[in-house]
Amino acid sequence: MKFRNFKMVDYVVYGSGCFDQLGEILAPRRIGDAPMIFFVDEYFQDKNEFLARLPLEGKDKIVVIDVTDEPKTKTVDKIRDELKAEFGTVSGIIGIGGGSVMDMAKAVSLMMTNPGSSADYQGWDLVKVAGVYKVGIPTISGTGAEVSRTCVLTGPTRKLGMNSDFTPFDQIVLDPSLTRTVEANQRFYTAMDCFIHCVESLEGTYLNAFSKSYGEKAQELCEEIFLQKDQWDDDADEKLMMASYAGGMSIAYSQVGVAHAVSYGLAYLLGTKHGIGNCIVFDKLEEFYPEGVIKFKQMVKKHKIDIPQGITKGLTDEQFETMINVSLGMAPLWENALGKDWQQIMTRERLRKLYERL
């Protein structure tokens with residue numbers, strides 16, 4: 001039997017206020033006068049106090065990332081082309097924001113050194129050359145993008161990540177103080193991405209002691225925060241950031257499952273954001289994850305969160321077929337959820353009925 005030898009993040013710094021060590025961390029990674037490029041979530045573009053904390057030097061540049069839509073391959077290629085035209089090469093790329101910004105940083109880092117379009121690398125182990133130095137700094141917790149070996153992109157024909165050993169960040173900066181201003185609904189949707197992929201990992205056929213150890217801790221932290229606590233505080237921010245990290249680690253050696261596979265179809269066709277898309281789907285998955293869905297519904301009720309309903313009503317047969325094709329293309333997710341015979345279990349007809357319920 002051959003075991004996976006997977007790549008992890010090289011360096012991790014954690015603690016409230018550790019963001020201010022960023023300049024010190026970047027200094028030895030600077031190459032001549034080649035700039036560091038700071039990808040910043042559009043939320044921060046007018047936050048001058050925050051932007052003043054960025055350790056800008058020389059030709060360093062801030063690139064504001066529009067997160068209206070999730071990362072697209074054409075946007076990755078455009079930013080890569082602009083950076084190459086302006087600077088030739090760069091010392092590194094720092095992604096500061098949520099999962100979309102961090103995925104964009106990973107993707108552009110890889111495309112600075114790999115030929116062609118990022119759409120050419122949507123899949124598993126297609127990237128052959130290491131990207132430029134890259135740093136991930138989450139400002140919202142839950143996606144696990146900070147530790148993931150993928151960067152999820154929507155391409156011309158599918159939504160699929162660039163999954164490779166070259167994708168993980170070289171450095172991550174986990175500063176819980178950066179998440180304090182996240183709006184309650186958004187915080188919930190993104191946190192549930194963590195909770196849901198822990199449920200999927202822990203109940204999947206790929207489960208092993210490695211993924212179980214991280215997944216159980218992450219799920220425990222999510223349940224403590226969203227079921228036991230009655231008010232949000234600094235302790236909740238700190239624990240949710242660690243749940244996100246551990247949750248991401250839990251799927252590093254396993255996989256996610258039904259909710260993610262189905263939500264990819266929603267995202268591709270309707271542009272549904274990842275966190276809320278997972279919530280919309282998981283809300284209807286009692287037959288696959290009964291205990292997890294019960295706890296999820298308790299969290300939704302306790303925190304008075306609105307889960308959109310009826311979002312697929314009125315779609316055409318062609319549109320349903322598009323979502324089904326995207327979803328069924330996520331073979332590892334379905335195999336983790338349902339086993340090697342998943343194609344006999346999750347037929348196109350059954351998946352169509354599931355989409356119709358959303």
Side-chain angles (χ1 to χ4, degrees), residues 66-76 98-100 103-104 118-119 122-123 142-143 150-161 185-186 188-190 192-193 195-197 199-200 255-290 292-293 296-297 299-301 305-338 342-358:
D66 181 351
V67 293
T68 305
D69 298 312
E70 294 190 320
K72 288 182 166 60
T73 54
K74 64 180 182 181
T75 309
V76 171
S100 291
D103 280 354
M104 185 69 75
S118 52
Q122 286 184 280
T143 68
T150 188
C151 48
V152 181
L153 304 175
T154 300
T157 61
R158 56 188 171 174
K159 177 180 176 180
L160 186 62
N185 272 24
Q186 183 58 59
F188 183 89
Y189 293 138
T190 308
M192 287 304 102
D193 184 20
F195 175 76
I196 290 165
H197 67 226
V199 172
E200 292 173 319
Q255 255 301 350
V256 287
V258 178
H260 279 73
V262 176
S263 73
Y264 278 134
L266 294 179
Y268 182 80
L269 181 73
L270 303 176
T272 310
K273 291 290 189 70
H274 187 68
I276 195 169
N278 283 335
C279 289
I280 290 168
V281 178
F282 198 69
D283 192 51
K284 301 291 193 292
L285 295 186
E286 297 93 333
E287 62 181 311
F288 299 102
Y289 308 109
V293 173
F296 170 76
K297 289 179 179 293
M299 295 178 192
V300 169
K301 183 177 180 181
I305 300 297
D306 175 46
I307 304 297
Q309 306 291 325
I311 67 168
T312 61
K313 186 176 181 180
L315 293 182
T316 65
D317 289 341
E318 183 181 3
Q319 288 174 313
F320 277 111
E321 285 299 303
T322 296
M323 292 192 297
I324 290 167
N325 289 335
V326 169
S327 179
L328 293 181
M330 311 301 295
L333 283 63
W334 288 112
E335 183 175 325
N336 179 52
L338 304 176
W342 66 269
Q343 288 171 305
Q344 281 71 53
I345 299 169
M346 184 49 67
T347 62
R348 299 184 72 87
E349 294 74 23
R350 187 177 183 185
L351 185 52
R352 166 72 182 251
K353 289 179 180 177
L354 176 53
Y355 272 122
E356 288 174 346
R357 293 176 59 207
L358 303 181

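Since the structure is predicted, the reported quantities are computational estimates derived from the model, not experimental observations.
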Undergrad: Going by side-chain hydrogen bond (donor to acceptor under 3.5 Å, both in side chains), name the residues that satisfy it together with Thr150, two or more places apart in sequence or in a different chain.
TA: Asn163
Undergrad: Applying side-chain hydrogen bond (donor to acceptor under 3.5 Å, both in side chains), can you list everything that pairs with Lys74, at least two apart in sequence or on another chain?
TA: none
Undergrad: Check whether more than 12 heavy atoms from other residues, nucleotides or ligands sit under 6.0 Å from atom CD of Gln344, and answer yes or no.
TA: yes
Undergrad: Leu358 and Lys284: which non-hydrogen atoms are nearest, and at how many Å?
TA: CD2-CG, 3.9 Å
Undergrad: To the closest 0.5 Å, what do you measure between SG (Cys279) and CZ (Phe188)?
TA: 6.0 Å
Undergrad: Tell me, with the steps shown, if Thr190 and Gln186 meet side-chain hydrogen bond (donor to acceptor under 3.5 Å, both in side chains).
TA: CA-CA 6 Å; Thr190 308; Gln186 183 58 59; 2.9 Å; yes
Undergrad: Ignoring hydrogens and geometry beyond distance, is a side-chain donor-acceptor pair present between Gln122 and Ser118 at under 3.5 Å?
TA: no
Undergrad: Provide the closest heavy-atom pair for Phe288 versus Met346 in the form atom of the first, atom of the second, distance.
TA: CZ-CE, 3.6 Å
Undergrad: List the residues meeting ring-ring contact (aromatic ring centres under 6.0 Å, His included) with Phe195, not counting sequence neighbours, and say none if there are none.
TA: none
Undergrad: Is there side-chain contact between Arg357 and Gln309, with at least one heavy-atom pair below 4.5 Å?
TA: no
Undergrad: Can you tell whether the side chains of Arg352 and Glu356 come within less than 4.0 Å, N to carboxylate O?
TA: yes
Undergrad: Using a distance-only test with no angle check, is there a side-chain donor-acceptor pair under 3.5 angstrom linking Thr143 and Asp193?
TA: no
Undergrad: Under 4.5 Å between any side-chain heavy atoms of Pro156 and Thr73, yes or no?
TA: yes
Undergrad: Is there a side-chain contact between Val152 and Leu160 in this structure, where contact means two heavy atoms from C-beta onward sitting under 4.5 Å apart?
TA: no
Undergrad: By side chain to side chain contact (heavy atoms under 4.5 Å, CB included), which residues pair with Asn185, not counting sequence neighbours?
TA: Glu183, Tyr189, Ile305
Undergrad: Does the side chain of Trp334 reach to within under 4.5 Å of the side chain of Val258, using non-hydrogen atoms?
TA: yes
Undergrad: Are the side chains of Phe282 and Val199 in touch, meaning some heavy atoms are under 4.5 Å apart?
TA: yes
Undergrad: For Glu70, check side chain to side chain contact (heavy atoms under 4.5 Å, CB included) against everything at least two apart and list the hits.
TA: Ser100, Lys159, Ala267, Lys273, His274
Undergrad: Sequence neighbours excluded, which residues qualify as side-chain hydrogen bond (donor to acceptor under 3.5 Å, both in side chains) partners of Asp306?
TA: none
